[in-house]
There are 2 protein chains.
Amino acid sequence: MKQYDHPAPEEFQLAGILHALADPFRLSVVQKLMQKQPQACAPLQDGRPKSSISHHFAVLRKSGVLRTEVVGVTHMNSLRLQDMEARFPGLLAAILAAAEQGEMSAPQPA
Amino acid sequence: MKQYDHPAPEEFQLAGILHALADPFRLSVVQKLMQKQPQACAPLQDGRPKSSISHHFAVLRKSGVLRTEVVGVTHMNSLRLQDMEARFPGLLAAILAAAEQGEMSAPQPA
DNA sequence: CCATTAGTTCGACTATAATCGAACTAATCC
DNA sequence: GGATTAGTTCGATTATAGTCGAACTAATGG
């Protein structure tokens, strides 16, 4: 049951986080995790092949946005809300608030 | 004295803004504009060739982060603080606060 | 132990973005 | 009007990212 490496909060790079969240799919993953946490990768997959999903989760993980815990056969993802808040207070909240604003003017079909 | 196109606040894309600010040079431009506004491109140039600078300013302009006004022979840049605040309240402030946090742990020499 | 599930890793390909020199433009100054 | 200043645009090059199939791994369930 080998686990993943996660950066410590001191290692978080603002550029890495902004880059991670500048991708619409990755941002939507974060939004979905805000609503329900933790979640495995599979339900967030949105039709994409597994290798792409794996890549996007790795970007989010390496930036510090989320943590992945291997639980049996599934990989459970949770947002590192406390760590993010400790390192960059208010950042994630502001970005998620902005993401909701953004959806007002550009709603996407289910 | 032709001027530039600037997107209206409703057209701002969160992804575009995050992408614009995910670049260390561009973020530093924004930080410098926070300290002194408006400023021409030249003093922010940091040794890079003019064509690169022009590119980075264009990215910031198209994302909505700053406005460029042609004033005689110089192009004066200012942050679109009100527009940003109207569209994505608190976002820029949170990112700039995070950028200062970031500099705590990774200070760069003058 | 074999099949299944859930996801990773690899490698190739494509797409997007950054970099920079060179030629250009538009306003100012003499 | 020629020179200077400040920046743009173009085009080529390189670098970074995203995409996806195929083979792999690790845990679970029969």
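Please read all numbers here as calculations on a predicted model, not as lab measurements. In what follows, chains are A, B, ... by sequence order, proteins preceding strands, each numbered from 1. Keep in mind that the numbers below use all heavy atoms, side chains included, and drop hydrogens, waters and symmetry copies.
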Using every non-hydrogen atom in the two residues, find where A:V70 and A:Y4 come nearest and quote the distance to one decimal. CG2-CE1, 3.8 Å
Using a 4.0 Å heavy-atom cut-off, does A:A58 contact any base of the nucleic acid, only the sugar-phosphate backbone, or nothing at all? nothing
Regarding A:R67 and A:H6, is there a side-chain donor-to-acceptor distance under 3.5 Å anywhere? no
Send over the distance from B:K62 NZ to C:dA18 P, rounded to a whole Å. 11 Å
Between B:P49 and A:Q39, which has a closest nucleotide on DNA chain C that is more 5'? A:Q39
Rounded to whole Å, the CZ-C1' distance (A:F57 to D:dT19) equals 16 Å
Let me know the distance between CD of A:E69 and P of D:dA27, rounded to the nearest Å. 15 Å
Rounded to the nearest Å, what distance is computed from the CG atom of residue B:D46 to the P atom of nucleotide C:dC20? 11 Å
Using a cutoff of under 3.5 Å, can you pull out all pairs of nitrogen or oxygen atoms linking the protein to nucleotides 12-18 of chain D, with atom names and distances?
unit_1	atom_1	unit_2	atom_2	d
D:dG18	OP1	A:R26	NH1	3.2
D:dG18	OP1	A:R26	NH2	2.9
D:dG18	OP2	A:H55	NE2	3.1

Whole angstrom value for the distance that separates C1' of D:dA6 from CD1 of B:I53: 12 Å
Indicate, with yes or no, if A:L79 and A:V59 share a hydrophobic cluster defined by side-chain heavy-atom contacts under 4.5 Å among Ile, Leu, Val, Met, Phe, Trp and Tyr. no
Of the nucleotides C:dT9, C:dA6, D:dG7, which has the atom closest to the A:S54 side chain? C:dT9
Just the rounded figure in Å: distance from C1' of D:dA6 to CG of B:L44. 13 Å
Do any side-chain nitrogens or oxygens of B:Y4 fall under 4.0 Å of OP1 or OP2 in D:dT8? yes
Value in whole Å for how far the P atom of C:dT25 lies from NZ of B:K50: 14 Å
For a quick test of reading the model: is some side-chain N or O of B:R48 closer than 4.0 Å to OP1 or OP2 of D:dG7? no
For the hydrophobic clusters of this structure (ILVMFWY residues joined by side-chain heavy atoms under 4.5 Å, transitively), does one cluster hold both A:L60 and A:L81? yes
Look at the side chain of B:H75 and decide which nucleotide, out of D:dT5, D:dC20, D:dG7, has an atom nearest to it. D:dG7
Given D:dG7, C:dG7, C:dT19, the nucleotide with the shortest approach to the side chain of B:S52: C:dT19
Quick check: does any side chain N or O of A:E85 sit under 3.5 Å from a backbone N or O of A:G90, one acting as donor and the other as acceptor? yes
Ignoring hydrogens and geometry beyond distance, is the side chain of A:S51 in donor-acceptor contact with the base of D:dG21 at under 3.5 Å? yes
With a sphere of 6.0 Å drawn around NZ of B:K32, does it hold more than 12 non-hydrogen atoms of other residues, nucleotides or ligands? yes
Are the side chains of A:L96 and A:M34 in contact, using a 4.5 Å heavy-atom criterion? yes
Tell me: CD of B:Q45 to P of C:dC20, nearest whole Å? 12 Å
